[in-house]
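Worksheet: the structure to be examined is printed underneath.
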Amino acid sequence: MRFAARTREIAGKSSNAWDTHYIAAEMIARGEDAILLTVGDTDFPSPPEAVGAVHEALAAHRTSYGASAGSQRLREAIARRHGERSGQTTDADQVTVTIGAQNGLTMAALCLLDAGDEVIVPEPMYVTYPGSIATAGASTVSVPSPADNGFHPLVEAMEAAVTARTRAIFLATPNNPTGAVYSRAELEKIADICRRHDLWLVSDEVYGDLVYQGEHISPASLPGMDERTVTLGSLSKSHAMAGWRLGWMIGPTQFAQAAAHLAVCATYGVPTFLQDAAVAALEAYPQGLPNLRAAYARRRDSFCARLDAIPGLSCRKPDGGMFVMLDVRSSGVSARDFAIGLVKEERVAVLPADDFGPSAAGYLRINLGAKDELIEEASVRIARYAAKLARQRGA
Ligand code: PMP
């Protein structure tokens, strides 16, 4: 039987990006010790306010269908929080509740893009972007954010990539995997490109509450951008609620109307009792969980100090997000070979960052969402493995 051609585009290039994760997961399933620092999950529990609210909602039989675009209460809570955080005047009518920001990425693509359109995305980029864009039959045009530019995008190259087919720019600040937090000046230049070429901007701000250096700017708050920006958010990272699958899109009212029609056909809405819990989480922690942010900041500082002390390796302290980028280019092996050797010989699983884009070649992406003692032990094992590679190189 025949499948739509887009299924191949959505599947993307066959990728071995997760090999280290599966190797470590098998070790753990066999009862062996392994440290998993691959996926962007966290050791923090979801807030008790949210857990309590979902129990209450279920006990009160809040189990009927709700509005496909999300409950009025939750859309108001999201609009209030976003308005306070970003300075953008935001109304509940601009908000669509989604199944995590991932569903928001795909819904935004389906509402904004036609087949044959192009989307400019700075790489390294979160791995699902090309597939999400491909659901709408559009294609991704990536533009480098080189390591020697602090993994910040080459804005002139973004403008040079604009063609008659370009319809949008998608970006994430803070970035996954690099942790780069785009500056106001950079975002102003990108906003200027959008205005001059009449482009949409899809701004993925799932790590917006996890900023350690600099300031998180929502580009929708820049002059003339509210009418052409869709801001994506979720409770996954900031509120340690990844498995709840609760996210949102904020855009112009007409965008929200189009998205509401899509939601009727695509999801028919998000579970009502989870939306009640999301209101509780946002009201209790409008800026995300303060302990989680403090823990990531502490782990970032101590982990990077330990990694920087390892001869031949150097760590890029992320300005935001939940990942550290470790430069292993001097180790004599590729990031992939380093990562495979590290998990097999030292039982520490991290991701080679190349699969997020060529600008990340030679870097490992390491998750900070694990207990302090595990991260500390990982640094000891990384040092031992790097020393072993250095001895082999010398031999
Ligand atoms: N965008 C980025 C940059 C991400 O890193 C992730 C999750 N890793 C998502 C979107 C999707 O997040 P969720 O669907 O859990 O909200």
Side-chain angles (χ1 to χ4, degrees), residues 15 17-18 21 36-42 44 46 50 70 74 78 81-82 95-109 119 121-133 135 140 142 145 151 153 168-182 201-211 216 218-219 230-250 263 266-267 270-271 274-275 277-278 281-282 288-289 292 296 318-325 350-351 353 355-357 360 365-370:
S15 155
W18 298 94
H21 179 80
L36 209 50
L37 303 177
T38 46
V39 274
D41 220 331
T42 184
F44 273 77
S46 296
L74 178 54
I78 292 167
R81 166 189 135 104
H82 179 72
V95 179
T96 312
V97 179
T98 60
I99 305 173
Q102 180 52 58
N103 178 224
L105 277 165
T106 301
M107 284 183 70
V119 178
V121 189
E123 60 81 15
M125 70 183 79
Y126 179 50
V127 285
T128 66
Y129 278 34
S132 305
I133 289 164
T135 58
T140 299
S142 64
S145 314
F151 287 125
I169 292 175
F170 280 32
L171 55 79
T173 176
N175 180 272
N176 175 8
T178 67
V181 175
Y182 298 174
L201 180 63
V202 174
S203 176
D204 178 343
E205 303 181 14
V206 299
Y207 299 102
D209 286 326
L210 298 174
V211 172
H216 176 254
S218 280
V230 175
T231 304
L232 305 181
S234 91
L235 296 175
S236 293
K237 313 294 179 179
S238 53
H239 291 72
M241 291 175 67
W244 298 61
R245 313 304 307 125
L246 231 309
W248 54 83
M249 304 189 281
I250 301 167
T267 61
V270 174
L274 297 185
Q275 294 188 59
L282 284 172
L289 305 182
L292 174 141
Y296 291 179
D319 287 340
M322 59 190 296
F323 306 105
V324 161
M325 293 284 276
V350 300
L351 290 186
D355 279 277
F356 296 76
R365 191 195 79 164
I366 310 181
N367 179 29
L368 293 171

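Nothing here was measured: the structure is a model prediction, and the numbers come from that model. Just follow the structure's listing: the first ligand is 1, and inside any ligand the first atom is 1.
- Tyr129 and Ser142 share no side-chain donor-acceptor pair at under 3.5 Å.
- Side-chain contact of Asn176 with Arg365: a donor-acceptor pair under 3.5 Å is present, judged by distance alone.
- Inter-residue side-chain proximity for Phe170 and Thr140 is flagged as unmet; no heavy-atom pair is nearer than 4.5 Å.
- When each of Pro177, Pro130, Ser145 is tested with Met125 by the rule side-chain contact (heavy atoms from CB on, under 4.5 Å), just one qualifies, namely Pro130.
- Just one of Leu210, Asp204, Val211, Asp209 meets the side-chain contact (heavy atoms from CB on, under 4.5 Å) condition when paired with Tyr207; it is Leu210.
- Ordered by chain and residue number, the residues placing a heavy atom less than 4.0 Å from ligand 1 are Gly100, Ala101, Gln102, Tyr126, Asn176, Asp204, Val206, Tyr207, Ser234, Ser236, Lys237, Arg245.
- The closest side-chain heavy-atom distance from Pro174 to Glu205 is not below 4.5 Å.
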